[in-house]
Colleague: 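Here it is, the structure in full.
All chains are named by letter (A, B, ...) in the order of the sequence lines, taking the proteins before the strands, and each is independently numbered beginning at 1.
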Protein chains: 4
Amino acid sequence: MAPLDPVRERAILDATLELLSEMGYDRMSVDQIAKRARASKATIYRRWAGKPELVVDVICNRFDMDAPRPRDTGSLRGDLAELVRCLCETAERKHTLIMGLSSTLVSNQELARALRAHLPSRDLSGVEALLVRGENRGEPARRADTARLAAVAEALVWHRLIFVGPPLDDAFVVEAADDVLFPLVRAWAERPVEQS
Amino acid sequence: MAPLDPVRERAILDATLELLSEMGYDRMSVDQIAKRARASKATIYRRWAGKPELVVDVICNRFDMDAPRPRDTGSLRGDLAELVRCLCETAERKHTLIMGLSSTLVSNQELARALRAHLPSRDLSGVEALLVRGENRGEPARRADTARLAAVAEALVWHRLIFVGPPLDDAFVVEAADDVLFPLVRAWAERPVEQS
Amino acid sequence: MAPLDPVRERAILDATLELLSEMGYDRMSVDQIAKRARASKATIYRRWAGKPELVVDVICNRFDMDAPRPRDTGSLRGDLAELVRCLCETAERKHTLIMGLSSTLVSNQELARALRAHLPSRDLSGVEALLVRGENRGEPARRADTARLAAVAEALVWHRLIFVGPPLDDAFVVEAADDVLFPLVRAWAERPVEQS
Amino acid sequence: MAPLDPVRERAILDATLELLSEMGYDRMSVDQIAKRARASKATIYRRWAGKPELVVDVICNRFDMDAPRPRDTGSLRGDLAELVRCLCETAERKHTLIMGLSSTLVSNQELARALRAHLPSRDLSGVEALLVRGENRGEPARRADTARLAAVAEALVWHRLIFVGPPLDDAFVVEAADDVLFPLVRAWAERPVEQS
DNA sequence: GGCTAAGCGAGACGGTACGTCTAGTCTTCTT
DNA sequence: AAGAAGACTAGACGTACCGTCTCGCTTAGCC
């Protein structure tokens, strides 16, 4: 058993994940985690420097952060709305966690970096596919920068969460898609920007 | 002295503001605030329901949240970059505070609302002026939705802060302006969206 | 309430005293004391540097350390046995506490001094009276050094506790009185030693 | 190597003995013993039931508990002082250990018995010789109960350690010999008590 | 000009989480 | 097959912080 037992680690991460959703970040105590995982606090602190580090690890390793893949709705505008909807879904899940952690993140840049590395939907293929479908339909989707489109969509969602708060309703989704993303994609298609 | 002494209130807000920048939100304790303000904790809790409320009050009343007014650079693209630069400046100041508070904001929607009411640059006249100048120059700035433009710009800045972190460098500013905001304004000018 | 509230102090000392006899020194935890006294651990640690200091205080202030006064049995030998019996009674009560503390006392001489100051039966008048009674009966009790007699008696009792252990039976009491204390008192009476 | 290796046992006892004098009983941890003896904790716990048992074993087997034999000083009074001096020497060495153990001894009578079996100077021949020498010199040493004399002397020394604390100075030695032991021996010689 | 009401500084209090430490058990790998 | 290495459970310890409360003192406003 000399190397840190992965079974125990798993149990601790599981317990943390459960409690995280049951109580939220700051009402969840390390003692509770230990009790639920039938682990000793020493076992927890042998692995993680503290509660925030543990939770970041949970987020990175056991939390499903990938947005669901946007479905084909038959039109570019519809697909963009669908994209925003998917991002909303994920962001609302992440939001609580990140907000709970953020007071720590501010004074712990190393931790912040670790978390950020796992935040974005690494998988851009959904957005890519959306643009390809649009192009195939003859819609003005060519040359759009996939990553930038995803970033702008994500930015709109998070901005809304921070400045207006949940819930993210359908009106917001449609506005974001129709008034920002769609015009933007069209603009890129017509006068492409030099890719950076 | 029967009504709550405004002098004491001021001293407490000042002390809080100082400590907030010296230590950050969560390493700052109420006892420290009391000591620095030569006030009793009772005096603090007679006015504010708790530490988060106090800090929100600091932000609302003693924290200069208004973005500096973007200057005229002679071109729409330049003005947009200038706008983003101004937003960056403000956002970086706000960022730390909001992140420190956010674990509380999640479970205290009332507080969140209070804070949000003071977050946005209420003053959109700078953005308005920017668009007017563009229009006067014959640039494609007509019919752009002032509030929406400001929101998108702000969204880009905050997204960057959350997902990449400070500092907000010049490359980011230029990209945001040239690759997103400028195409967007042009798109709006050419095929205006129905205002919501 | 500014000065440390004596009511709380009392409650804590009481709770400690109770738990001390219920569980013994080392199975008693500070958390238990706090819970029983309906006090916070902070309140305890504000007053005492730690568990040993608290217990020493209990012993000094709330523990009745005085031996019962030996009764008149009608003879010097009987009175001496009675004295030993009284000392046994007290010592057996003290024994557990001192033994529980002693691992700390070894490495904390300051604490040891505090405890020692409260250990001896300060009241020697019982022993004094015993000797006077003997003298009045014409028994050889003159000139005996009261303090020294008490010390020898006490030494015999503690030696027995340490080297043989409880319980202190009647045979021991009689032997101590008849074979040591009585001969000693007689010897002092016949050829008094120069008092030191 | 199949039978529990006596070499390892020896190493563990040695390490314990060293640490015992370096740090005292309660600041010495089992992990430290293991590390110093280059042994595993399992190896320790395979042989001894716990830390107290181990230490008792050290005391019984590797600790020289016997008082040095009192030398002939040419007079009974001098010999008695010499006896007390020898007891002091041993007691001061034992004192720390016993005090460190005592919190355990209280709640573990079996262990207490094991320790007690090794505590007294089993070898009474030194005391016996002392009395014989006195008798041969014509001093009043006849019929004295060797074991009881040793016990009283020992009692005086331990009482002093407990109630006044180390160090045991020369004044104490002389007083104990001249004011208690010598009168007592003389009294026994003149009116012998029936041996119990 | 006293009386009352309330704010005030000071700081103890209950509660609770944190992170550290130790004792004693158990597992895995090495020799 | 015994031993070294060291991870494990359990739980006590002492610290820090929050928000409440109680003291006296001082001040303001009203009779």
Colleague: Can you sort out the partners of A/R113 under salt bridge (Lys or Arg N to Asp or Glu O under 4.0 Å), two or more places apart, ordered by chain and number?
Modeller: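 Residues passing salt bridge (Lys or Arg N to Asp or Glu O under 4.0 Å) with A/R113: none at all.
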Colleague: In terms of the nearest nucleotide of DNA chain F, which residue is placed more toward the 5' end: B/Q32 or B/A42?
Modeller: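 Residue closer to the 5' terminus by nearest nucleotide: B/Q32.
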Colleague: Taking salt bridge (Lys or Arg N to Asp or Glu O under 4.0 Å) as the test, write out the residues that go with A/R8, two or more places apart.
Modeller: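 With sequence neighbours excluded, A/R8 shows a salt bridge (Lys or Arg N to Asp or Glu O under 4.0 Å) to no residue whatsoever.
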Colleague: With a 3.5 Å distance limit and no angle check, can you tell me whether D/T43 reaches the backbone of D/A39 through a side-chain donor-acceptor pair?
Modeller: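 No; judged by distance alone, with no hydrogens or angles, the pair does not exist.
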Colleague: Atom NZ of C/K41 to atom C1' of F/dA12: distance rounded to whole Å?
Modeller: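 One finds 8 Å between C1' of F/dA12 and NZ of C/K41, rounded.
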Colleague: Quick one: B/R38 CZ to E/dG7 C1', roughly how many Å, whole number?
Modeller: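 Going from B/R38 (CZ) to E/dG7 (C1'), I get 18 Å.
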Colleague: Below 4.0 angstrom, which residues in residues 45-52 of chain C have at least one non-hydrogen atom near DNA chain E?
Modeller: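 Nucleic-acid contacts, sorted: C/R46, C/R47.
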Colleague: Report the residues that fulfil salt bridge (Lys or Arg N to Asp or Glu O under 4.0 Å) with D/E92, sequence neighbours left out, ordered by chain and then residue number.
Modeller: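 Expected list: none.
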Colleague: Residues two or more places apart in sequence or in another chain: which of them pass salt bridge (Lys or Arg N to Asp or Glu O under 4.0 Å) with C/K51?
Modeller: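 C/K51: no salt bridge (Lys or Arg N to Asp or Glu O under 4.0 Å) contacts found.
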Colleague: To the nearest angstrom, how far is D/I44 atom CD1 from F/dG3 atom P?
Modeller: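 From D/I44 CD1 to F/dG3 P: 12 Å.
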Colleague: Verify the contact: side-chain N or O of C/S40 to OP1 or OP2 of E/dC13, cut-off strictly under 4.0 Å; return yes or no.
Modeller: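 So the side chain of C/S40 is outside the cut-off, no N or O lying under 4.0 Å from OP1 or OP2 of E/dC13.
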Colleague: Residues two or more places apart in sequence or in another chain: which of them pass ring pair (Phe, Tyr, Trp, His ring centres under 6.0 Å) with B/W158?
Modeller: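 Applying ring pair (Phe, Tyr, Trp, His ring centres under 6.0 Å) to B/W158 gives A/F163, B/H95.
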